[in-house]
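As structure tokens, the structure follows; a few thoughts come after it.
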Number of protein chains: 2
Amino acid sequence: MAGLMIGELARRTGVHIETIRYFEKVGMLLKPDRTGGGRRVYAESHVRALNFIKRARELGFSPDEVRAILSLGGPQAACCDEVRQIAIHHLDQVRRKMLALARIESLLTSTVEHCSGDHVPDCPIIEMMESAAPQRA
Amino acid sequence: MAGLMIGELARRTGVHIETIRYFEKVGMLLKPDRTGGGRRVYAESHVRALNFIKRARELGFSPDEVRAILSLGGPQAACCDEVRQIAIHHLDQVRRKMLALARIESLLTSTVEHCSGDHVPDCPIIEMMESAAPQRA
DNA sequence: GTGCCATCTGTAGTGGCTACAGAAGCAAGA
DNA sequence: TCTTGCTTCTGTAGCCACTACAGATGGCAC
């Protein structure tokens, strides 16, 4: 267990060096030890935490949600109901986004179908975009 | 046709005053006339353009796409193939996003289902988030 | 000692707005 | 005419989640 320099950690996790330091600055990643010369030395736990952060962000969890989960003990702690609640809430948000996108998709699809691409007035695409329809949720 | 002050335009379109000025600055909205005292006076065409911009942004068109459509003659011009191409391209992007979200949704759903919420080790949620799966497209 | 890469800190840039400060326009009332 | 009070003006800074750069060290091989 010699510990990793930041470059090696970046290589292993695919997270930019600057982003790793940023995560530390904003409290998402624990401050690592330092060498005598002031360089960061990371432990295996940092690799796990960083992979977790990366994955959670890819899944669309907000930084605050990630922080919340990490503050519950982090990846190495046992699962608890709070983690589940956050995940369920996030799932709900994902489903809302899917619904919104589905509405947009069907609107665009049907509109594009009705457009000939000719230089006719009353283009259905422009027309649709000018009519300000309500965007609920 | 007296023309509108910026506040009235904001009220009619639901776009913040600062945002209207911002759209002008970045070239999405034509510079309006000014009163002797330097205040902006908008025409009916600005109302149409602003509604169009707002709607297109709500539908997820990028600022560049909006600018592209507007540069083709704007809402009042006849439809042309280029508008259709932009819309089709955007529709493609929307469908990609839907697929990505669907993957995330199913992963989250099945994972949450397997989590009891108890304080057990090997929590499926944490475990899933630690395994760095590739996120293609 | 020298060369050279890795790392350090601190600051500034990105996009798409949003918010504020301080000055000035402008209409109505005293 | 002067004041009050709202609206608008310009310009600058803030937001978030990073990303990029500048200039100074660390630390190892030769």
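Keep in mind that what you see is a predicted model, and the values were worked out from it rather than measured. The sequence lines fix the lettering, A, B, ..., with proteins before strands; numbering per chain opens at 1. Computed from heavy atoms alone, side chains included, the values below leave out hydrogens, waters and symmetry copies.
What separates CE of B:Met28 from P of C:dG15 is a distance of 14 Å, to the nearest Å. When rounded to the nearest whole Å, the span between CD of B:Glu65 and C1' of C:dG15 equals 15 Å. Separating the CZ atom of B:Phe23 from the P atom of C:dT18 is a distance of 8 Å, rounded to the nearest angstrom. Rounded to whole Å, atom P of D:dG11 lies 9 Å from atom NZ of B:Lys25. When rounded to the nearest whole Å, the span between CD of A:Glu8 and P of D:dC28 equals 16 Å. Nucleotide C:dC8 holds its P atom 8 Å from the CE atom of A:Met5, rounded to whole Å. Between the CZ atom of A:Phe61 and the P atom of D:dC16 there is a distance of 21 Å, rounded to whole Å. Spacing between atom CD1 of B:Ile17 and atom C1' of D:dG11 amounts to 16 Å, rounded to whole angstrom units.
Of the two residues near DNA chain D, A:Ser62 and B:Gly7, the one whose nearest nucleotide lies more 5' is B:Gly7. The residue among B:Pro63 and B:Arg39 whose nearest nucleotide of DNA chain C lies closer to the 5′ end is B:Pro63. Mapping B:Gly38 and B:His16 onto DNA chain C by nearest heavy atom places B:His16 closer to the 5' end of the strand.
For A:Arg21, no side-chain nitrogen or oxygen approaches OP1 or OP2 of C:dT9 to under 4.0 Å. In this model, the phosphate group of D:dC18 is not approached by any side-chain N or O of A:Thr19 to a distance below 4.0 Å at OP1 or OP2. Listed pair B:Thr35 / C:dG25 fails the phosphate criterion, with no side-chain N or O lying under 4.0 Å from OP1 or OP2.
Contact annotation for A:Arg40: backbone-only contact, meaning every heavy-atom pair under 4.0 Å involves sugar-phosphate atoms and none involves a base. Residue contacts shown for B:Arg57 are limited to sugar-phosphate atoms, with no base heavy atom under 4.0 Å away. Nucleic acid contact for B:Arg34: sugar-phosphate only, since backbone atoms but no base atoms lie under 4.0 Å from a heavy atom of the residue.
Ranking C:dC8, C:dG16, D:dT8 by closeness to the B:Tyr22 side chain, first place goes to C:dG16.
In terms of heavy-atom proximity, A:Leu29 sits nearest to A:Ala49 at CD1-CB, 3.9 Å. What you find for B:Leu59 and A:Met128 is that their closest heavy atoms are CD1-SD, 3.7 Å.
Classification of B:Arg21 and B:Glu24 as a salt-bridged pair fails, no side-chain N sitting under 4.0 Å from a carboxylate O. A salt bridge links A:Glu44 with A:Arg12: at least one charged nitrogen is closer than 4.0 Å to a carboxylate oxygen.
B:Val26 and B:Ile6 fall within the same hydrophobic cluster, where Ile, Leu, Val, Met, Phe, Trp and Tyr residues are linked whenever their side-chain heavy atoms come under 4.5 Å apart, directly or through other members.
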